[in-house]
Each structure stands twice: as structure tokens, then as C-alpha cells.
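This report concerns only the one structure given below.
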2 protein chains.
Amino acid sequence: MIGARVRQFRTARGLTMSELADRAGVAKSYLSAIERDLQTNPSIQFIEKIANVLDVDINALLKDEAATNSSDETAALDEEWQKLIAEAMESGVSKEEFKDFLEYNKWKLKQK
Amino acid sequence: MIGARVRQFRTARGLTMSELADRAGVAKSYLSAIERDLQTNPSIQFIEKIANVLDVDINALLKDEAATNSSDETAALDEEWQKLIAEAMESGVSKEEFKDFLEYNKWKLKQK
DNA sequence: TAAGAACGTGCGTTATAATGAACAAAAGAT
DNA sequence: ATCTTTTGTTCATTATAACGCACGTTCTTA
């Protein structure tokens with residue numbers, strides 16, 4: 001279904017529904033209905049708008065999930081992790097700080 | 001416009017409007033309006049139907065804006081970040097620990 | 001802990017996508 | 001040449017896509 005894909009890309013970009021709807025110039029209430037598959041037949045202009053903001057090809061939203069993420073790297077990351085990544089990047093956490101955090105945790109796990 | 005492309009593919013297949021509309025299961029009156037650009041915002045299900053009969057990819061009918069992709073640096077998932085995250089997941093770092101790390105860093109940045 | 005903002009959803013309304021006739025013009029057949 | 005069938009169009013009607021606003025909840029900020 002198309003709703004799942006829209007939500008997937010949206011959360012991956014760390015965007016809220018209000019934000020996406022605002023940027024795309026569509027009603028957030030309708031976007032909500034689309035993501036929950038309460039409505040499943042949007043127009044091409046609607047799809048173009050949100051695809052434009054999400055910066056993805058229109059096919060990425062229309063494509064049946066069969067070919068979409070068979071062996072896609074980003075698909076390996078589950079949804080919650082993607083949110084965390086987006087949040088991390090936006091908050092200005094440096095990669096170095098994160099690396100330190102990683103090493104510290106590895107060390108901590110070893111102590112058990 | 002989309003109408004020109006539909007007509008182009010249809011005539012190329014030697015199909016009449018009545019025939020295409022019939023096979024696709026849509027109203028020929030509406031198909032007529034689409035081809036003459038009296039209506040320019042069909043639904044994805046409509047396009048899928050006729051694209052299916054015409055045996056063309058959906059893009060072939062929408063391709064007017066094929067090159068609208070200029071990947072956003074800030075929003076897109078940074079490649080190096082992805083590797084770090086993958087490493088984090090494999091090393092068994094829990095989401096909770098990562099969340100705590102994020103909050104701590106946000107707080108730290110605020111202190112300046 | 002209270003106030004305020006931002007989040008997503010529910011609902012009534014509007015705009016328009018999509019339909020099913022019936023129609024005139026053109027093509028094809030007898 | 002008239003009759004018949006097929007073509008694409010017009011028009012009134014129905015279905016639903018899309019909207020704006022208000023509401024309850026969940027984060028923030030003080």
C-alpha cells in the first residue's frame with residue numbers, strides 16, 4: 001500500500017505529518033488518511049507534491065513493495081532507528097562524539 | 001501534459017478510445033477529457049489501469065518531470081552515518097542507551 | 001505543575017474525479 | 001444512395017478526493 005511507503009520515507013527524513021503537509025501544500029488531515037490507508041487513491045498531483053518534498057522518485061511511492069526493498073541498505077534499518085538517526089543528525093551531534101559513545105558501550109558490554 | 005502521451009501510446013497501438021477505455025475498465029468520456037487536457041489530474045489507479053493495457057511503465061505517462069531530483073544534503077541519510085548506525089546495531093547497543101546518549105548531547109550543546 | 005505549543009486524528013464541507021447515458025459526425029457495408 | 005456501426009464528444013449525475021477547522025493527546029518550556 002502507498003500509505004506505508006509515504007510514512008516510511010517521511011519518518012526517515014525526520015519529518016512530521018504537519019511539516020510534510022505544510023511543505024507540500026496539502027492538507028495534513030488527508031495526508032493522515034493516506035498513511036493509514038483510509039484513502040488509497042490519491043491524484044498524481046498530490047503524489048508529485050509530496051514526492052517532491054521527500055525528494056524521492058514518484059515510483060518509490062507507487063512501487064509495489066516487492067521490488068522496493070528486497071536488498072536495500074536503508075531498509076535494513078528499522079523505522080525507530082531511522083528516527084533516531086535523523087534526530088541525531090539534526091541535533092548537531094558530531095560523528096566523533098558518536099564514535100566515542102560506541103567504543104564506550106562496547107567496552108561496557110565486555111565487562112559483564 | 002499527460003493527455004498527449006496517452007493518445008500517443010494509444011494510437012501507436014492502433015487502439016480506439018472506446019477500446020482502450022473498455023479494456024482498462026474506465027469511462028471513455030473521461031478518457032476523452034484526459035487526452036484533450038480538459039482534465040489533468042487523474043488518480044493513480046486510473047493511470048495504472050490504462051498503463052497496464054497500453055503495456056507501458058507508469059513513468060512513460062508521467063515523465064514530464066523526470067529530473068526533479070536534487071538530493072538534499074541535510075535531510076538525506078549521510079552514508080557515513082549509516083555505517084555508524086549499522087555498527088551500533090550489530091554491537092548490541094540498545095535503542096534506550098542511544099536515546100540517553102542523544103538527550104545528554106542535546107543538553108550538553110545547550111550549555112555551550 | 002501549569003501553560004503552551006506541536007502532534008496526529010475526526011468530521012463536515014467543497015471541489016472535482018469519474019461515470020453512464022445520449023448525441024452528431026464519420027466510416028463501412030449493402 | 002440509405003442504413004448500420006463505430007468513432008469521439010457533450011452533459012447531467014454520482015462518487016470520492018482533498019480541504020479547513022476543531023478536538024484530544026502528547027511533548028516542551030517556564
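Each chain gets a letter, A, B and so on, in the order its sequence line appears, and its residues count up from 1. Atoms considered below: every heavy atom in the structure, side chains included; atoms not considered: hydrogens, waters and symmetry mates.
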Under-4.0 Å side-chain N/O to phosphate OP1/OP2 contact, B:Thr16 with D:dT6: no
B:Leu31 CG to C:dG20 C1', straight-line distance once rounded to whole Å: 15 Å
Matching residue for A:Pro42 among A:Leu61, A:Ile34, A:Leu31, A:Val26 - test: side chain to side chain contact (heavy atoms under 4.5 Å, CB included): A:Ile34
Below 4.0 Å: OP1/OP2 of D:dG8 and any side-chain N or O of B:Arg10: yes
Closest nucleotide among D:dG8, C:dA17, C:dG20 to the B:Ala27 side chain: C:dG20
Atom-to-atom span, NZ of B:Lys49 to P of C:dA17 - whole angstrom: 15 Å
Distance in angstrom units between A:Glu35 CD and D:dA18 C1', rounded: 16 Å
Closest listed nucleotide, where the reference is the side chain of B:Val26 and the choices are C:dT19, D:dC19, C:dG8: C:dT19
Closest listed nucleotide, where the reference is the side chain of B:Leu38 and the choices are C:dT9, D:dT10, C:dG10: D:dT10
Any side-chain donor near an acceptor of the partner, A:Arg36 and A:Ser32, under 3.5 Å: yes
Selection from C:dG8, C:dC11, D:dT9 that lies nearest to any side-chain heavy atom of A:Met17: C:dG8
Residue mapping more 5' on DNA chain D - nearest nucleotide basis, B:Arg36 or B:Glu19: B:Glu19
Phosphate OP1/OP2 of D:dG8: any B:Arg7 side-chain N/O under 4.0 Å: no
Interatomic distance, A:Asp55 atom CG to A:Arg13 atom CZ [nearest 0.5 angstrom]: 6.5 Å
Any B:Thr11 side-chain heavy atom under 4.5 Å of B:Glu35 side chain: no
Nucleotide C:dG8, atom C1' - distance to CD1 of A:Ile34 in whole Å: 15 Å
Stem regions touching DNA chain C, defined by at least 3 consecutive Watson-Crick or wobble G-U pairs below 3.5 angstrom: C:3-6 with D:25-28, C:8-27 with D:4-23
Atom-to-atom span, CD of B:Gln39 to P of D:dA18 - whole angstrom: 13 Å
Selection from C:dA22, C:dA17, D:dT10 that lies nearest to any side-chain heavy atom of B:Asn41: C:dA17
Touch class at under 4.0 angstrom, heavy-atom based, for B:Ser43 against every strand present: sugar-phosphate
Side-chain (B:Asn41) to main-chain (A:Ser43) donor-acceptor, under 3.5 angstrom: no
Distance in angstrom units between B:Leu15 CG and D:dG8 P, rounded: 10 Å
Proximal nucleotide (of C:dG10, C:dC7, D:dT10) relative to the A:Ser18 side chain: C:dC7
Proximity to the side chain of A:Tyr30 - top-ranked nucleotide from D:dC21, D:dA17, D:dG8: D:dA17
Euclidean distance, A:Arg23 CZ relative to A:Leu54 CG, rounded to 0.5 Å: 10.0 Å
Value in whole Å for how far the P atom of C:dT19 lies from CG of B:Asp22: 12 Å
Nucleotide of D:dG8, C:dA18, D:dT16 approaching B:Lys28 most closely (side-chain heavy atoms): D:dG8
Nearest-angstrom distance from the residue atom CD1 of A:Ile2 to P of D:dA17: 12 Å
Phosphate contact (D:dT9 OP1 or OP2) by B:Ser32 side-chain N/O below 4.0 Å: yes
Euclidean distance, A:Arg5 CZ relative to A:Arg10 CZ, rounded to 0.5 Å: 15.5 Å
B:Thr40 side chain near A:Gln45 side chain, heavy-atom distance below 4.5 Å: yes
